[in-house]
Undergrad: 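One structure, pasted below without further comment.
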Amino acid sequence: MKLHCEVEVISRHLPALGLRNRGRGVRAVLSLCQQTSKSRTQPRFRGEPGGLDPVCLLISTMKDKVGTRYELKENIEQFFTKFVDEGKATVRLKEPPVDIYLSKANSSSLKGFLSAVRLAHRGCDIETPLLTLTPVKTSEFEKLKTKMIITSKKDYPLSKNFPCSLEHLQTSYCRLVRVDMRVLCLKNLRKLDLSHNHIKKLPATIGDLISLQELNLSDNHLESFSVALCQSTLQHSLRSLDLSKNKLKALPVQFCQLRELTELKLDDNELIRFPFKMGQLKNLCFLSAARNKLPFLPSEFKHLSLEYLDLFGNPFEQPKVLPFIKLQVPLTLLESSAQTVLHHRIAYDSQTIPFHLCQDLDTAKTCVCGRFCLNSFIEGTTTMNLHSVAHTVVLVDNMGGTEAPIISYFCSLVCYIRSSDLFK
């Protein structure tokens, strides 16, 4: 039984000696082996007649193919498996006093391997065949490939799976019309480049790639970015997203739940608006949305703090002289209830209230005073110098301008009058 992963063996004596480990693992092949007599040349199964030889853990690396052997029977002090679904675990041995850190493993393979290690620790029979103590072949380490770049259709693998150890996969110029489902099994994937294809729709299961940090979907045929992706594990992992050169007209309000984003590219789409809650992307440093159809920026855009901003080539409108007034006096029950739910941050979903009400709450506007507006508000526009939100700003037009119209909402006449200096 074998497991391919990254391994780091740490002696627990190091802190007492004032030493530290180097802090990084190496690619390795872990094997459960049974030490047999020299005369025995074939692997033996647990339970075969002839006595039970102790089971050991053999860790082999590219530099040490013979490997290092660790006894297992009654020699494991503790298992640490909190992050086993992420392909990580730790096995603490009694003798020698070391911790064996496992990472970047296939989660299902890791669970099966740890179950077998537990049985070996208890001295129980293991149903899978045990290997002999033999050096690992170089071909075994070829399975630990972490990067694969494919830039033509003829090189695209059709008959075999992608290596499960991949961390960086690029499949560009392959004329793909959909995302290959085999890619969605690569749980160690950190960077996925599907640019320059013909993909029209993204499967929600991309959100199951729990380690994904960079996603490049530029130059495809995408017309939407699903809410399911915005509410997936990408919320916690995704740092860079490239959606340039597609056919996007709008992004869902839930897009702003991808709060770990630091880089966002939206150039050469058909965007007519940004999400209302754009200001929630607190970690965003790089934003490029050149050559779209944006008439104005949302009010929360002013809460961004960027290093680089490019909005060149958008048909920004001139601010309107008079505001658009849509106040309801008195407030409807729906408006009052919505304000209460949002103000007190009461949790809601389509299981507790109708779906259309969830949509209304998700798209609620925010007054400059902090209150929320649903259908009762005053809408006004003014200009904003983009240098107030970004250190480096690409000119918005050929005239050298760095200003763009921004829309603001007010929950009452009082708030509008107090902020009327914005429109002077």
Side-chain angles (χ1 to χ4, degrees), residues 200-208 222-236 238 241 243 246-261 264 266 269-282 284 289 292-304 324-381 406-412 415:
K200 295 182 178 180
K201 188 176 180 180
L202 298 175
T205 42
I206 282 185
D208 295 335
L222 296 175
E223 296 181 356
S224 64
F225 193 87
S226 72
V227 173
L229 284 177
C230 302
Q231 297 176 333
S232 67
T233 57
L234 296 181
Q235 290 182 3
H236 312 293
L238 195 62
L241 177 61
L243 294 171
N246 279 283
K247 299 180 180 179
L248 299 172
K249 294 184 178 180
L251 295 172
V253 176
Q254 295 82 357
F255 184 86
C256 298
Q257 295 179 18
L258 300 173
R259 297 181 184 176
E260 297 302 319
L261 276 178
L264 177 60
L266 299 167
N269 277 282
E270 302 172 13
L271 291 174
I272 57 174
R273 66 176 182 271
F274 278 136
F276 285 111
K277 300 181 180 180
M278 196 76 177
Q280 292 182 354
L281 299 175
K282 299 295 185 182
L284 196 63
N292 279 280
K293 299 180 179 180
L294 298 171
F296 53 78
L297 301 177
S299 58
E300 289 201 16
F301 195 88
K302 59 180 176 288
H303 298 312
L304 294 175
F324 172 70
I325 300 177
K326 191 183 176 183
L327 291 176
Q328 298 173 345
V329 181
L331 293 178
T332 64
L333 179 59
L334 173 61
E335 188 81 19
S336 299
S337 301
Q339 290 183 359
T340 301
V341 169
L342 294 171
H343 177 71
H344 294 284
R345 298 182 180 180
I346 299 173
Y348 62 88
D349 55 38
S350 58
Q351 303 297 319
T352 55
I353 60 175
F355 179 73
H356 72 277
L357 293 181
C358 291
Q359 289 183 312
D360 289 341
L361 291 171
D362 288 340
T363 57
K365 304 159 185 65
T366 305
C367 176
V368 293
C369 72
R371 293 192 183 96
F372 297 95
C373 317
L374 207 63
N375 298 312
S376 177
F377 57 86
I378 298 176
E379 178 186 293
T381 54
I406 185 169
I407 193 166
S408 297
Y409 294 96
F410 309 90
C411 63
S412 65
C415 287

Undergrad: Taking the side chain as everything from C-beta on, heavy atoms only, tell me whether Ile378 gets closer than 4.5 Å to Lys326.
TA: no
Undergrad: So how far is it from Ser299 OG to Phe276 CZ, rounded to the nearest 0.5 Å?
TA: 8.5 Å
Undergrad: Say you draw a straight line from OG of Ser408 to CD of Glu379; how long is it, rounded to the nearest 0.5 Å?
TA: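 One gets 9.5 Å once the value is rounded to the nearest 0.5 Å.
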Undergrad: Please report the closest heavy-atom contact between Leu229 and Leu258, naming both atoms and the distance.
TA: O-CD2, 4.1 Å
Undergrad: Main chain of Tyr348, side chain of Thr352: is a donor-acceptor contact present, judged purely on distance under 3.5 Å?
TA: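 Looks like no, no N/O pair under 3.5 Å.
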Undergrad: Measure the shortest side-chain to side-chain distance between Lys201 and Leu222 over non-hydrogen atoms and say whether it is less than 4.5 angstrom.
TA: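 Sidechains of Leu222 and Lys201: no contact.
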Undergrad: How close do Pro252 and Val227 get, heavy atom to heavy atom, and via which atoms?
TA: CB-CG2, 3.9 Å
Undergrad: Does any non-hydrogen side-chain atom of Val341 lie less than 4.5 Å from one of Ile353?
TA: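 Contact flag for Ile353/Val341 side chains = no.
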Undergrad: Which pair of heavy atoms, one from Ser350 and one from Cys358, lies closest together, and at what distance?
TA: N-SG, 3.5 Å
Undergrad: Would you say the ring centers of Phe225 and Phe255 fall short of 6.0 Å from each other?
TA: yes
Undergrad: In Å and rounded to the nearest 0.5 Å, what is the CD1 to CG distance from Ile346 to Leu361?
TA: 10.0 Å
Undergrad: Would you say the side-chain atoms of Ser224 pair up with the backbone N or O of Ser226, donor to acceptor, closer than 3.5 Å?
TA: no
Undergrad: Below 4.5 Å, heavy atoms only, C-beta onward: do Phe355 and Asp349 meet side chain to side chain?
TA: no
Undergrad: Quick one: pull up CG in Leu334 and CD in Gln328 and give me the separation to the nearest 0.5 Å.
TA: 8.5 Å
Undergrad: Where the side chain of Thr381 meets the backbone of Ile406, is there a donor-acceptor pair that is under 3.5 Å apart?
TA: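 Absent.
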Undergrad: Taking all non-hydrogen atoms of both residues into account, name the closest pair between Glu300 and Lys277 and its distance.
TA: OE1-CA, 3.6 Å
Undergrad: Between Arg259 and Gln280, does a side-chain contact (heavy atoms from CB on, under 4.5 Å) hold up when you go through it step by step?
TA: CA-CA 7 Å; Arg259 297 181 184 176; Gln280 292 182 354; 3.0 Å; yes
Undergrad: Can you tell if the side chain of Phe410 reaches within under 4.5 Å of the side chain of Val368, non-hydrogen atoms only?
TA: yes
Undergrad: Give a yes or no answer on whether the side chain of Ser376 reaches the backbone of Leu327 with a donor-acceptor pair at less than 3.5 Å.
TA: no
Undergrad: Keeping the roles fixed (side chain from Asn269, backbone from Asn292), state whether a donor-acceptor pair exists under 3.5 Å.
TA: no
Undergrad: From Leu241 CG over to Leu234 CG, what is the distance, rounded to the nearest 0.5 angstrom?
TA: 9.0 Å
Undergrad: Quick one: are Lys282 and His303 in side-chain contact, heavy atoms under 4.5 Å?
TA: yes
Undergrad: So, does Asn246 use its side chain to make a donor-acceptor pair with the main chain of Glu223 at under 3.5 Å?
TA: no
Undergrad: Does the side chain of Thr332 reach to within under 4.5 Å of the side chain of Asn375, using non-hydrogen atoms?
TA: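 They are not in contact (no side-chain heavy atoms under 4.5 Å apart), so the answer is no.
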Undergrad: Please give me the minimum heavy-atom distance between Pro275 and Leu251, naming the atom from each residue.
TA: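 Closest heavy-atom pair between Pro275 and Leu251: CG-CB, 3.9 Å.
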Undergrad: Compare every heavy atom of Leu374 with every heavy atom of Glu335, then report the nearest pair and how far apart it is.
TA: OE2-N, 2.6 Å
Undergrad: Would you say Leu238 and Leu261 make side-chain contact, with heavy atoms under 4.5 Å?
TA: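 Of all side-chain heavy-atom pairs linking Leu261 with Leu238, at least one is under 4.5 Å.
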Undergrad: How about Gln257 and Gln235: does a side-chain donor come under 3.5 Å of a side-chain acceptor?
TA: yes
Undergrad: Looking at Phe372, I'd like to know if the NZ or CZ of Lys365 sits under 6.0 Å from its six-membered ring centre while staying within 45 degrees of the ring's axis.
TA: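 Lys365 over Phe372 ring: no.
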Undergrad: Would you call the rings of Phe301 and Phe274 parallel, tilted or perpendicular if under 30° counts as parallel and over 60° as perpendicular?
TA: parallel
Undergrad: Once you round to the nearest 0.5 Å, how far does CZ of Arg273 lie from CG of Leu297?
TA: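 So the CZ of Arg273 and the CG of Leu297 are separated by 14.0 Å.
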Undergrad: For side-chain contact (heavy atoms from CB on, under 4.5 Å), just list the numbers for Asp208 and Thr233, CA-CA rounded to whole Å, side-chain angles, deciding distance to a tenth of an Å, and then say yes or no.
TA: CA-CA 6 Å; Asp208 295 335; Thr233 57; 5.7 Å; no
